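Residues take their numbers from the sequence shown, with the count starting at 1. Worth saying up front: this structure is predicted, and the values here are computed from it rather than measured.
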Amino acid sequence: MILYNGKISTLDERHPEVTAIALTGGWVAATGSDKEIHALARPDTKRIDLKGRRVIPGLNDSHLHLIRGGLNYNMELRWDGVRSLADALAMLKMQAERTPPPQWVRVVGGWSEFQFKERRMPTLAEINAAAPETPVFILHLYDRALLNAAALRVVGITKDTPDYPGGRIERDAHGHPTGMLIAEPNALILYATLARGPKLPMSDQLNSTRHFMRELNRLGVTSCIDAGGGYQNYPEDYEIIERLHEEGQMTVRIAYNLFTQNKGGELADFKKWANMVKPYSGDGYLRHNGAGEMLVFSAADFEDFLQPRPDMPAHMEKELNEVVRFLVENRWPFRLHATYDETIGRALDVFETINRDTPFGDVRWFFDHAETVSEKNLERIQRLSGGVAIQHRMAYQGEYFVDRYGKQAAENSPPLRKMLAMGVPAGGGTDGTRVASYNPWVSLYWLVSGRTVGGLPLYGDANRLERQEALRLWTLGSAYKSNEEGVKGALLPGRYADLAVLSHDFMTVPEEAIKTITAVMTVVGGRIVYADAEFKSLDMPLPPISPDWSPVRHFGGYQQANADFAPAIASACIAAGCDHDHTHAHDGKLSVWLGLDGQYGRQGKPSFNHPWAIGCGCFAY
């Protein structure tokens with residue numbers, strides 16, 4: 001295949017931009033001018049005119065929960081990218097009417113109230129009015145969930161139901177549950193409740209995972225590192241992705257990490273897995289990538305900026321030492337969830353102790369998140385040849401962070417430019433699908449503009465990235481995290497033929513428009529896996545989305561680019577007595593900060609030893 005007449009960003013320092021590229025056998029064969037590449041054509045070569053469009057290496061999300069997300073994608077209503085709360089509620093109403101019992105309507109993360117022009121959360125009264133009979137579960141970040149009356153009945157939460165440890169059931173003046181479940185700060189109450197909902201049958205899970213990969217392809221994603229997650233047991237919950245891999249139906253390359261599910265039994269998990277799978281085993285479409293993001297429960301802090309920072313328990317170092325020492329001895333790469341510098345510092349104490357007698361050497365390891373990591377700890381990470389995987393959680397929670405810690409603290413949370421200046425290996429990602437959206441262009445917008453999805457400026461020029469730097473973070477930077485920088489991340493001869501042809505030129509489009517970019521053609525391993533617009537005839541569509549009541553079947557995934565249902569939403573809003581503008585003007589200003597009034601837990605740090613100590617917190621990742 002030859003693609004020509006384009007603006008191709010190769011990320012090759014010698015030839016950073018070319019007009020044509022040749023692909024052979026799943027690999028990049030050559031790049032250069034149209035004339036040079038056309039000269040390589042054979043009689044059977046497919047030639048595609050790019051019509052001047054920008055081409056980039058396929059995006060690689062270094063922290064995504066694709067495997068778990070794929071099992072659930074078809075049964076989740078996405079508010080990702082919806083610009084108006086009125087539209088979100090109209091979608092909820094329409095979906096509740098078509099969802100058959102005993103199924104629920106689930107809105108499971110990926111949104112923030114600050115993206116809505118109303119700048120507020122939905123009320124429980126609005127949710128109950130939109131769905132009086134169908135159970136509804138709406139997750140907001142990792143701090144709360146909203147359940148309608150039908151959902152409260154189904155899960156059996158009543159006046160007599162006790163609060164979960166570290167969580168609270170909001171009650172009215174008479175002690176009756178309102179429908180608000182609050183993590184204070186343990187997210188167990190949220191995810192244990194969500195886990196009680198019906199699952200899709202295997203045939204629909206297969207379909208769901210394929211369509212989630214296609215949604216990622218639509219956004220230009222060709223690879224990811226799967227960070228495991230709560231309720232994602234190995235090998236049981238990998239059956240679907242293994243089957244798709246065996247059948248040649250993978251359209252996103254996955255390097256997966258293994259996430260312990262057993263508080264108190266973490267070391268036993270990794271010892272068992274070490275006898276089942278070897279680091280980097282697999283192939284270019286599905287390969288093992290080591291341990292994490294959960295290594296031990298006692299070392300896992302949380303990212304609910306509505307709550308004070310937790311201190312890890314005194315026994316954290318001992319438990320982390322046992323697991324990391326085993327991983328290093330067995331040359332297993334690993335990643336560790338850590339939001340705060342204090343957690344990172346204590347973990348580094350453990351790592352440095354191990355390194356003295358059991359050198360890390362070439363074992364690849366990194367921290368996930370690291371919003372408040374200090375320069376001192378970055379230097380320690382660098383000395384141990386570690387890295388950081390960066391996600392755009394601040395784009396969804398920046399307002400809460402500023403309210404608690406102040407604007408000055410937010411200016412370098414995380415210290416993006418400092419990491420790059422120091423040469424600390426960094427990879428871009430989203431942490432989708434729950435605490436933030438899986439849309440990579442929201443992350444790239446955040447990296448470049450320094451703003452939240454609600455328009456709040458977080459970073460000045462000193463901590464924002466140039467577009468080329470942000471793109472490198474999302475390609476070569478992420479490839480390093482799975483030890484694949486030699487085959488991924490750049491369009492060079494001998495690298496994977498993974499690329500995305502963009503709807504708008506990332507290098508020149510106005511900053512606010514970055515969030516609206518999609519792919520018009522995505523290629524993985526030299527095969528076109530998604531095509532739209534003028535390339536639509538090249539598309540290879542999937543079987544219809546199942547089940548037929550699926551929210552994705554009717555609304556699609558990330559909503560900003562899906563306007564086909566806009567008239568139906570407008571009609572539903574008018575029928576409900578709502579009259580508002582559906583053009584979704586974006587004023588970039590914050591008018592209401594719901595939930596920032598200090599009513600929940602501002603009196604200091606949690607009184608208990610550690611947020612997950614009194615219950616499994618793995619649901620929160």
Side-chain angles (χ1 to χ4, degrees), residues 62-63 185 292-293 295-296 298-305 307-314 316-317 320-321 324 334-356 360 364-395 397-398 400-429 431 446-447 450 452 457-465 469 473 477 480-481 604-606 610-611:
S62 64
H63 187 129
E293 66 180 293
L295 296 181
V296 294
S298 57
D301 60 15
F302 63 92
E303 59 273 32
D304 181 357
F305 298 135
Q307 298 290 333
R309 178 188 64 80
D311 277 328
M312 301 297 97
M316 181 269 273
E317 281 82 355
L320 186 61
N321 186 303
V324 174
F334 65 89
R335 62 195 305 163
L336 178 63
H337 166 104
T339 301
Y340 297 99
D341 187 58
E342 291 81 358
T343 310
I344 291 169
R346 289 178 61 181
L348 285 168
D349 291 343
V350 172
F351 298 169
E352 289 167 348
T353 298
I354 295 170
N355 185 61
R356 292 189 192 106
F360 278 39
R364 298 222 177 169
W365 70 273
F366 54 95
F367 286 110
D368 280 303
H369 317 311
E371 275 84 359
T372 70
V373 65
S374 64
E375 183 173 351
K376 176 184 176 182
N377 279 337
L378 283 175
E379 291 170 350
R380 297 171 71 191
I381 292 169
Q382 189 176 40
R383 284 196 293 270
L384 278 176
S385 300
V388 179
I390 301 165
Q391 300 82 43
H392 64 319
R393 303 190 309 180
M394 286 289 285
Q397 299 191 74
Y400 294 143
F401 189 97
V402 169
D403 184 70
R404 177 168 293 281
Y405 299 110
K407 188 177 188 304
Q408 186 173 354
E411 288 177 353
N412 288 287
S413 296
L416 304 166
R417 182 150 303 284
K418 176 65 69 174
M419 292 179 196
L420 296 188
M422 293 175 62
V424 174
D431 202 1
W446 164 72
L447 291 168
T452 69
L458 295 175
Y459 317 128
D461 291 343
N463 198 36
R464 293 190 291 128
L465 303 187
E469 292 174 317
L473 205 69
Y480 184 86
K481 296 288 179 286
K605 295 180 181 179
H610 150 256

At what distance, to the nearest 0.5 angstrom, does [atom1] of [X] lie from [atom2] of [Y]?
{"X": "D368", "Y": "H63", "atom1": "CG", "atom2": "NE2", "answer": "5.0 Å"}
{"X": "Q382", "Y": "M419", "atom1": "CD", "atom2": "CE", "answer": "12.0 Å"}
{"X": "D349", "Y": "I354", "atom1": "CG", "atom2": "CD1", "answer": "11.0 Å"}
{"X": "Y459", "Y": "L465", "atom1": "OH", "atom2": "CG", "answer": "10.0 Å"}
{"X": "W446", "Y": "M394", "atom1": "CH2", "atom2": "CE", "answer": "8.0 Å"}

Taking only residues two or more places apart in sequence or in another chain, which ones pass salt bridge (Lys or Arg N to Asp or Glu O under 4.0 Å) with [X]?
{"X": "K407", "value": "E411"}
{"X": "R364", "value": "E485"}
{"X": "E352", "value": "R380"}

Kindly give the heavy-atom pair with the smallest separation between [X] and [Y], and that separation in Å.
{"X": "Q307", "Y": "F302", "answer": "CB-CE1, 3.8 Å"}
{"X": "P414", "Y": "I390", "answer": "CG-CG2, 4.1 Å"}
{"X": "G386", "Y": "V424", "answer": "O-CG1, 4.3 Å"}

Any non-hydrogen side-chain atom of [X] less than 4.5 Å from a side-chain atom of [Y]?
{"X": "R404", "Y": "R309", "answer": "no"}
{"X": "I381", "Y": "W365", "answer": "yes"}
{"X": "K481", "Y": "R335", "answer": "no"}
{"X": "V373", "Y": "V388", "answer": "no"}
{"X": "P425", "Y": "F366", "answer": "no"}

Just to verify, what does [X] make a side-chain contact (heavy atoms from CB on, under 4.5 Å) with, not counting sequence neighbours?
{"X": "K418", "result": "E375, L378, P415, M422"}
{"X": "A347", "result": "L320, L336, F351, F367"}
{"X": "T343", "result": "D301, M312, A338, Y340"}
{"X": "N355", "result": "P359, F360, L384"}

Kindly say whether [Y] contributes a backbone atom to a donor-acceptor pair with the side chain of [X] at under 3.5 angstrom?
{"X": "R464", "Y": "G450", "value": "no"}
{"X": "N463", "Y": "L416", "value": "yes"}
{"X": "S413", "Y": "T372", "value": "no"}
{"X": "Q397", "Y": "E303", "value": "yes"}

Taking side-chain hydrogen bond (donor to acceptor under 3.5 Å, both in side chains) as the definition, give me every residue that meets it alongside [X], ordered by chain and number, with sequence neighbours left out.
{"X": "S374", "value": "D341"}
{"X": "N412", "value": "none"}
{"X": "E317", "value": "R346"}
{"X": "D304", "value": "none"}

